[in-house]
Amino acid sequence: MTEATPLDRMNAEVQLLVRDPQCELCKMHTQAQGKDVCVTASGPARADVMVVTKSPLSAKGRKEMLTYLERAGVDPTDVAFTAAIKCRAWDLDPGKTDLKACRPYLDREVEAIGPKFILALGNEAMFSLVGKSGIMKHRGVVYERGNARVLPTISPSMIYRNPGLKGGFEADLKYFDRMIRGVDGEEEFAYHSVSTLGDVRLFIAALKQAEVMAFDIETNGYDEFAPDAAIVSLAVTLAPNDPGAPPSVWAVPLMHPGSPWRRQWRQVLSKIQPYFNAVPKAIAHNGKFDCRWLRQFGVMRTLTFDTMLAAHTLDENRPKGLKPLAQQLLGVKPWAISTKDLVDTPLGEVLEYNAKDTFYTLGLYRIFKGQFGLPANKRKLRIFTRIMMPCSEIFTEVEREGVWTDTEKMMTHWSIAKRELEAIDAELLTFVPEDKGGHKAVNFNPSNFARWFIFEHLGLPVFARGKDADDGSPGQPSMAEAIMLDLQDKHPHRALELLIERTKWQKYDSAFFSAYAEQVDENDRIHTTFKLTGTVTGRLSSGKPDSDKVTSRKQNRGVNLQQVPRDDFVRGIFGAPPGSSFVEADYSQVELRVAAFIARETTMLHLYATGQDIHTTMAMKMTGKPADRVTKDERKKAKAVNFGFLYGMGVNKFIETAWSNYGVRVTEQESKAFRDAFFTQFPMLLRWHARQRQLVSKYKRVESPLGRVRHLPDVDSPNQGVRSEAERQAINSPVQSFASDMALLSMVRITEEFKRQGMTAHPIGTVHDAINFEIPDEELSVALPIIKNNMENLPLQRMFGVNLDVPIIADLKVGTRWGGATEITPEQIYDWKGLAA
DNA sequence: GTCAACAGCGCG
DNA sequence: AAAGCGCGCTGTTGAC
């Protein structure tokens, strides 16, 4: 032994058998030299346990991993290490081609070492070992590989990026240890199956006593409005009133082929209902889904605590599923159901699965309740109880109600879109030669054919390419609209013009009209799903129905009401049915106002205090024109300047966005001038940027004025680019969070007020800083002032201790259709006489 | 046929 | 060295 390099500790036997120091199979070898080429396994010659990583670990990395394993109970002397990629080359990112190139080495190593248990760390190791991709989905699921069992988990380096994952990682290792020791078999899980009338009586008696319950239902799909929609089973875990006693777990078979109640499931449900509804505290994981279904079948349960919303409020980066959370926080063995279709799964399995869900939900509830009790989490608790939980109730109804759609208009506009598309395609076809350039089919969507057509057949120059391929070859010529516009500008061609025009109609046809037409129900309503945990800033996301049951894209299309084109042609198909009005209430420039408040930007605060328009002010600076001569277009450009530079946009990026978003050519000098103008106008913003950078470097997190937290561990990244990204996020997050919470809170308060007054007016959704309502015409005179008042005068001081000293303005539009609504003046709002007046 | 990754584009 | 932020959906492609 001369020197102790990692190479020296390579398994000599395996090395001799497997290693090719001249290997050039993957791209990684180009940056590896000598002993870093084709690094084979290290550790004992034969071992029962093997750890596979993406790249060969250093001695330090192996030691760290052994510590993790030892902590989980694994004997560290029986562990061999190897990697999916054999060469050490830090700057190159291996792709699937590289992984495959290295796979034969890995196969031979596994054969030689003969492990019975393999821990696959990260997506790459998992891919090479079991051919699966998507580590967050497959982690914790055991795969057989010859004589070995493979447990994939996340790579420890992911924990560095996202500390919220640490718990799950450690739980996986503990489970790995149980696997090795052969004690990972089924544990007894006791629950009462409510299968006889006597059971029903016992269950009701238990419900009557209960103070706290966790519940969950299993359904036969994601769409409660489907004609065959049914609840397959209902489970409840009742917390004992005596704290020392174990919870009691109940599962009621409903519409399952094996259920004794399969023909009377609705009667059984309605018999249980009054007692189920009377339990004071009801906990569920993503209970919005369960409540929607229960309401569809007549059970009006309200939630008091949602563990998914709690998890997200406490840590926005954490996985939100019940299973990963239970694994991480309760250390439970993964539980799953064998098939996708619950009615094809034996009843016993369904009930046990359903029962476990509620049992672990109660476990999570106890943990989160404890965490919310900590003084450090006091502000998060307020967000949770005052915004998140009320929103869950509101969106339960919003999703059930849906948005009314003018189906006639929708069908007309859809056929117009299809006709436009056909006409464009027909003309484009005249430019295509007989042989189609050797391509099988003509396809004017961004495709290999379209690229051949533009760049080879028409011979137009390539201005930009997509990302380089895995093997380092240059990416495909870009067909992005901005590039096409640029091309059309310099090399005008009728075909190019048509292709550019086509993009819009293609999108309208496929992404919008066809999806809407498919989703609209017999009452002319489209139901969508709002995810309350869909973003890291607290904004909502909207789209597909949430379901872990239907994964196929075709069967699970969704309508995203937050990306409806701002174009009457599309937006105008949504609205209110006859007799009601569509009201859009928009927070005016709320992010800028909030940024001015947070940054204490005195000029900006003053502009708002005196009722001036910042975008127009910036347009005046940019054009040198007086306010009354600034055009709409110039104001729009100024808006881009304001938002871009506010959040740290650079000079080059501005040139790009000015062109691609606004069709304006800006020189580098002009861009610099705009940026300078912006920060000269609002000098405090730069100091605020600096402050946020300092804060995030110190605490690895930032907080919004209301207390929503964004964790940004990436500020410590060794990569400058990643670090800067985290810093920009630290600047943007508190602003976006605050603005979004204001919209949500105002929606909560407006809805409460509507309810207090016994009105039927209700929200139909939010679009980040706007709330849309459907309001019966006779309620407008009462509803409009409620909306405006609540949005502009939120009791932030009383509820959150925040004195927001910048004027907040809500603009209201009233009409029958979303696109065509008319903006109304405050005078009209407070003295409503109808639109005609 | 399914899956995952990517590009492109819709919204705030 | 280079740098707005936050999302979801569709189509294409290549791998299995």
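We use all heavy atoms of the structure for the numbers below, so side chains are in, but hydrogens, waters and symmetry mates are not. All chains are named by letter (A, B, ...) in the order of the sequence lines, taking the proteins before the strands, and each is independently numbered beginning at 1. The structure displayed is predicted, hence computed values, not measured ones.
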### Task
Taking the side chain as every heavy atom from C-beta outward, state whether A:Thr503 and A:Glu481 have any atom pair closer than 4.5 Å.
no

### Task
Report yes if the side chains of A:Asn732 and A:Gln729 come closer than 4.5 Å at any heavy-atom pair, otherwise no.
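No, their side chains stay 4.5 Å or more apart.
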
At 4.0 Å (heavy atoms only), tell me whether [X] reaches a base, stays on the sugar-phosphate, or touches nothing.
{"X": "A:Val735", "answer": "nothing"}
{"X": "A:Ser733", "answer": "nothing"}
{"X": "A:Glu725", "answer": "sugar-phosphate"}
{"X": "A:Arg723", "answer": "nothing"}
{"X": "A:Ser542", "answer": "sugar-phosphate"}

#### Entry: Range-with-range stems for DNA chain C, at least three Watson-Crick or G-U pairs under 3.5 Å
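Paired runs of 3+ in DNA chain C: B:1-12 with C:5-16.
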
### Member of A:Phe513, A:Phe569, A:Phe512 meeting the ring-ring contact (aromatic ring centres under 6.0 Å, His included) criterion with A:Trp505
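It is A:Phe569, the one option of A:Phe513, A:Phe569, A:Phe512 that forms the ring-ring contact (aromatic ring centres under 6.0 Å, His included) with A:Trp505.
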
Take the protein atom [atom1] of [X] and the nucleotide atom [atom2] of [N], then report the distance between them rounded to whole Å.
{"X": "A:Gln736", "N": "B:dG12", "atom1": "CD", "atom2": "P", "answer": "13 Å"}
{"X": "A:Phe512", "N": "C:dC9", "atom1": "CZ", "atom2": "C1'", "answer": "8 Å"}
{"X": "A:Asn560", "N": "B:dC9", "atom1": "CG", "atom2": "C1'", "answer": "12 Å"}

### Query
Would you call the rings of A:Phe395 and A:Phe530 parallel, tilted or perpendicular, where under 30° means parallel and over 60° means perpendicular?
tilted

The side chain of [X] lies closest to which of these nucleotides: [options]?
{"X": "A:Arg103", "options": "C:dG4, C:dC16, B:dC9", "answer": "C:dC16"}
{"X": "A:Gln729", "options": "C:dC7, C:dT13, C:dC5", "answer": "C:dC5"}
{"X": "A:Ser510", "options": "C:dC5, C:dC7, C:dG11", "answer": "C:dG11"}
{"X": "A:Asp769", "options": "C:dC16, B:dG12, C:dT13", "answer": "B:dG12"}
{"X": "A:Met649", "options": "C:dG8, C:dG4, C:dA1", "answer": "C:dG4"}
{"X": "A:Ser133", "options": "B:dA4, B:dG12, B:dG10", "answer": "B:dA4"}
{"X": "A:Arg710", "options": "C:dC5, B:dG12, C:dT12", "answer": "C:dC5"}
{"X": "A:Ala480", "options": "B:dC9, C:dC5, C:dG4", "answer": "B:dC9"}
{"X": "A:Gln506", "options": "C:dG11, B:dC9, C:dG6", "answer": "C:dG11"}
{"X": "A:Gln563", "options": "B:dG12, C:dC9, B:dG8", "answer": "C:dC9"}

I want to check one thing: is the phosphate of [N], taken as OP1 and OP2, less than 4.0 Å away from some side-chain N or O of [X]?
{"X": "A:Arg571", "N": "B:dG12", "result": "yes"}
{"X": "A:Ser724", "N": "C:dA2", "result": "no"}
{"X": "A:Lys507", "N": "C:dG11", "result": "no"}
{"X": "A:Asn443", "N": "C:dG11", "result": "no"}
{"X": "A:Asn445", "N": "C:dT12", "result": "yes"}

### Message
Could you tell me if A:Gln519 and A:His527 have a donor-acceptor pair between their side chains, going purely by distance under 3.5 Å?
### Response
no

### Query
Do the ring centers of A:Phe654 and A:Phe645 come within less than 6.0 Å of each other?
yes

### Task
Verify the ring-centre separation between A:Phe674 and A:Phe678: is it less than 6.0 angstrom?
no

### Query
Below 4.0 angstrom, N of the basic side chain to O of the carboxylate: do A:Arg701 and A:Glu703 qualify?
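Looking at A:Arg701 and A:Glu703, the cut-off is met.
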
